[in-house]
Amino acid sequence: MSYERFAYHYDELMQDVPYEQWVRFVTEKLTKYQVKGRSLLDLACGTGELSVRFAKEGFQVTGVDLSTDMLMVAREKAENMGLSIPIYQQDMSHLEGLGQFDVIGTFCDSLNYLLSEEEINQTFARVFDHLDHHGVFFFDVHSPYKVNHLFVDQTFTMTDDHLSYIWNCFPGDFPNSVEHELSFFVLDDASGKYDRFDELHFQRTFTIEQYSTFLKNAGFEILEINADFETKVPEAESERIFFMARKNDEKPS
């Protein structure tokens, strides 16, 4: 599922997202593990908010996303900031032809949009192939606790003068999955009336043990598993799980 009209309101609705924490987390880990290269693939880059932030930190950033609408926002954002960021439309599980990178990151729980183990395995294999020698892979995902206890059967709302939404969460068809039913109401300045549009998004997560197995099967060495932007072992009620893995010399046969 890719973002459609929601893409053009995403940044406004996500103003409180701590993007600077992702940048700091990644840069601190790269320093810790003495990763010198600065080429970075922002996989599932969305509106490019993290892409431009990494570019400002001196990374040579390339962005990839499935959503045409998200990429239109990302391209315009980079151009307005005078940043040269190549941006491509691809499915992360069929990533191809982009060369190799020192760092690949799939941030903001984007990996949770992959609903099957096959898609995860395909994505990790493609990431492996696009990493340079001993390149590193970062990703973060919702924990099963967050999906099952903080999302499922919950309703979230926001009301503003020109933009409001109702966000209902239902149990998904798979273990540790959720369906997000979103209804947006956007003020049309010309008519003074609100336009409504709806989107349905699906997310699924897996256990730490499962993700670890997927990584090892793809040929990665796991460097760290952290929780909630902190250097700590995930706990039962941790909400966001962070993985950092390094490409091994030889991919398993």
Side-chain angles (χ1 to χ4, degrees), residues 1-30 37-92 95-113 127 130 137-140 158-165 167 180 182 184-192 194-199 201 229 240:
M1 174 69 197
S2 63
Y3 289 84
E4 298 175 358
R5 286 187 63 183
F6 183 18
Y8 302 99
H9 305 283
Y10 185 90
D11 285 341
E12 182 178 1
L13 293 171
M14 300 298 171
Q15 292 181 25
D16 295 331
V17 172
Y19 293 112
E20 70 283 353
Q21 292 190 45
W22 267 284
V23 176
R24 183 173 64 250
F25 186 87
V26 169
T27 54
E28 288 178 354
K29 298 301 182 186
L30 293 178
R38 306 294 283 181
S39 61
L40 184 150
L41 177 62
D42 187 2
L43 187 58
C45 66
T47 63
E49 190 62 31
L50 277 172
S51 297
V52 300
R53 290 171 186 260
F54 280 115
K56 288 180 178 180
E57 291 292 323
F59 289 90
Q60 291 81 52
V61 179
T62 299
V64 171
D65 202 273
L66 180 61
S67 167
T68 302
D69 299 281
M70 283 288 204
L71 292 177
M72 289 179 65
V73 176
R75 288 192 181 98
E76 182 177 4
K77 183 181 297 182
E79 290 172 1
N80 289 341
M81 293 184 180
L83 297 171
S84 178
I85 300 177
I87 293 176
Y88 302 94
Q89 182 182 25
Q90 289 194 24
D91 183 329
M92 71 174 81
L95 196 67
E96 62 180 357
L98 298 178
Q100 291 187 303
F101 300 85
D102 302 303
V103 183
I104 296 180
T106 305
F107 307 109
C108 305
D109 54 83
S110 297
L111 202 69
N112 289 135
Y113 281 89
V127 168
H130 281 78
F137 177 35
F138 291 91
F139 67 90
D140 61 86
M158 189 205 79
T159 303
D160 204 347
D161 289 340
H162 68 287
L163 175 63
S164 301
Y165 68 75
W167 170 11
H180 303 286
L182 298 135
F184 298 91
F185 304 87
V186 182
L187 180 64
D188 181 347
D189 292 328
S191 66
Y194 286 87
D195 291 328
R196 172 178 173 171
F197 66 93
D198 302 289
E199 291 196 14
H201 292 254
F229 295 103
R240 188 178 295 274

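No hydrogens, no waters, no symmetry mates; every other heavy atom, side chains included, goes into these values. Everything quoted here is computed from the prediction, not taken from an experiment.
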Do [X] and [Y] have side chains that approach each other closer than 4.5 Å (heavy atoms only, starting at C-beta)?
{"X": "Thr27", "Y": "Phe59", "answer": "yes"}
{"X": "Leu50", "Y": "Val23", "answer": "yes"}
{"X": "Ile104", "Y": "Phe139", "answer": "no"}
{"X": "Leu187", "Y": "Asp161", "answer": "no"}
{"X": "Val103", "Y": "Phe101", "answer": "no"}
{"X": "Glu20", "Y": "Pro18", "answer": "yes"}

For [X] versus [Y], what's the shortest heavy-atom pair and its separation?
{"X": "Ser51", "Y": "Asp42", "result": "OG-OD2, 2.6 Å"}
{"X": "Thr106", "Y": "Ala44", "result": "CG2-CB, 4.4 Å"}
{"X": "Ala55", "Y": "Leu83", "result": "CB-CD1, 4.2 Å"}
{"X": "Asp65", "Y": "Gly46", "result": "OD2-N, 2.8 Å"}
{"X": "Gly48", "Y": "Ala74", "result": "N-CB, 3.7 Å"}
{"X": "Asp195", "Y": "Asp188", "result": "OD2-CB, 3.9 Å"}

Atom pair [atom1] ([X]) and [atom2] ([Y]), whose distance is rounded to the nearest 0.5 Å:
{"X": "Ser39", "Y": "His130", "atom1": "OG", "atom2": "NE2", "answer": "12.0 Å"}
{"X": "Leu95", "Y": "Leu41", "atom1": "CG", "atom2": "CG", "answer": "6.0 Å"}
{"X": "Leu66", "Y": "Leu43", "atom1": "CG", "atom2": "CG", "answer": "10.5 Å"}
{"X": "Lys77", "Y": "Ile87", "atom1": "NZ", "atom2": "CD1", "answer": "9.5 Å"}
{"X": "Tyr88", "Y": "Cys45", "atom1": "OH", "atom2": "SG", "answer": "12.0 Å"}
{"X": "Asn112", "Y": "Arg240", "atom1": "CG", "atom2": "CZ", "answer": "8.5 Å"}

| query | Mind checking whether His201 and Tyr113 have parallel, tilted or perpendicular rings, split at 30° and 60°? | reply |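 Ring orientation of His201 relative to Tyr113: perpendicular.
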| task | Step through it carefully: locate the ring centre of Tyr194, locate the ring centre of Phe185, and say whether they are under 6.0 Å apart. | result |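 Between Phe185 and Tyr194, which both carry aromatic rings, the centre distance is not below 6.0 Å.
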| Is it true that Phe54 and Phe107 have ring centroids separated by less than 6.0 Å? |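 Distance test on ring centres: under 6.0 Å, yes.
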Backbone N/O of [Y] and side chain of [X]: donor-acceptor pair under 3.5 Å:
{"X": "Asp160", "Y": "His162", "result": "no"}
{"X": "Gln90", "Y": "Val64", "result": "no"}
{"X": "Asp140", "Y": "Cys108", "result": "yes"}

| request: Verify the neighbour count for atom CD of Gln21: are there more than 12 heavy atoms of other residues, nucleotides or ligands below 6.0 Å? | output: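 Enclosed.
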| Does Arg38 come within less than 4.0 Å of Glu57, counting only side-chain N to carboxylate O? |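 No salt bridge links Arg38 with Glu57.
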